[in-house]
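Nothing fancy with the numbering, it's 1 onward along the sequence. Basis for what follows: all heavy atoms, side chains included, without hydrogens, waters or symmetry-related copies.
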Amino acid sequence: MAEDLMYQLVLDEIERSDLDPVAKVQALEEAEGDEAKANAVYLKHSIRRSQDFLQIKVFDAETELLKEKAKEAQRAKAVEAEKKHRGES
């Protein structure tokens with residue numbers, strides 16, 4: 001299902017002539033300058049780049065979540081240390 005959506009997004013960008021310039025150059029390189037072949041492999045490169053972008057976004061979100069969890073653990077540790085210092089349990 002997600003893969004179908006990615007194909008649809010790339011097809012939409014092709015219809016709008018709003019091509020990803022990097023994917024276009026990669027496709028042209030793979031096709032050894034043959035425009036017809038480049039158009040055929042553009043889809044592959046554009047989808048791969050979109051997948052890479054999504055993976056980076058997921059990685060960034062996971063990293064931020066881990067940072068927040070670490071900060072929360074530090075805050076909890078500081079509160080616990082303060083309680084011990086005051087003689088509270």
Side-chain angles (χ1 to χ4, degrees):
M1 185 67 131
E3 187 174 343
D4 290 345
L5 179 58
M6 305 239 353
Y7 274 92
Q8 186 60 54
L9 291 172
V10 174
L11 289 173
D12 291 346
E13 102 185 8
I14 291 170
E15 286 178 7
R16 290 189 319 271
S17 295
D18 184 23
L19 303 180
D20 174 348
V22 174
K24 187 175 178 181
V25 168
Q26 290 171 333
L28 197 55
E29 179 183 32
E30 182 178 328
E32 297 176 345
D34 184 323
E35 286 283 338
K37 286 181 184 177
N39 290 337
V41 295
Y42 171 80
L43 189 68
K44 173 180 78 170
H45 288 287
S46 184
I47 287 174
R48 183 197 46 78
R49 284 182 42 79
S50 294
Q51 289 170 332
D52 290 350
F53 176 77
L54 289 174
Q55 287 176 343
I56 290 168
K57 288 295 185 186
V58 167
F59 177 79
D60 288 347
E62 288 173 345
T63 300
E64 284 303 312
L65 182 61
L66 289 173
K67 286 179 184 178
E68 287 301 316
K69 285 183 177 182
K71 286 179 186 177
E72 184 58 37
Q74 285 177 337
R75 284 190 287 266
K77 204 173 190 180
V79 167
E80 211 40 53
E82 182 63 28
K83 283 182 180 181
K84 270 188 177 180
H85 180 71
R86 292 184 188 169
E88 301 173 21
S89 289

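- Using a 4.0 Å cut-off between charged side-chain N and carboxylate O, Lys67 and Glu64 make a salt bridge.
- From Arg16, atom CZ reaches atom CG of Leu11 across 11.0 Å, with rounding to the nearest 0.5 Å.
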Glu72/Arg75 under salt bridge (Lys or Arg N to Asp or Glu O under 4.0 Å): CA gap, chis, key distance, verdict: CA-CA 5 Å; Glu72 184 58 37; Arg75 284 190 287 266; 3.1 Å; yes

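- Note that NE2 of His45 is 13.0 Å distant from OG of Ser50, once rounded to the nearest 0.5 Å.
- Here Glu15 contributes atom CD and Asp18 contributes atom CG; the two are 12.0 Å apart, rounded to the nearest 0.5 Å.
- In this structure, Asn39 CG and Lys24 NZ are separated by 8.0 Å, a value rounded to the nearest 0.5 Å.
- Asp12 and Gln8 share a donor-acceptor pair across their side chains, judged by distance under 3.5 Å alone.
- For the pair Arg86 and Glu82, the salt-bridge criterion is met [side-chain N within less than 4.0 Å of a carboxylate O].
- Scanning all heavy atoms of the two residues, the minimum distance from Ala31 to Lys37 falls at CB-CB, 3.5 Å.
- Gln26 and Arg48 form a side-chain donor-acceptor contact under 3.5 Å, judged by distance and modelled atom types alone.
- Under the 4.5 Å side-chain heavy-atom criterion for Ile, Leu, Val, Met, Phe, Trp and Tyr, Leu43 and Leu54 are members of the same hydrophobic cluster.
- Nearest heavy atom pair, residue Ala27 against residue Ala38, reads CB-O, 3.4 Å.
- Considering every non-hydrogen atom in both Met6 and Ile47, the closest pair reads CE-O, 3.6 Å.
- The shortest non-hydrogen separation linking Tyr42 to Asp20 is OH-N, 2.7 Å.
- None of Val10, Val41, Ile14 except one satisfies the side-chain contact (heavy atoms from CB on, under 4.5 Å) rule with Ser46; the exception is Val10.
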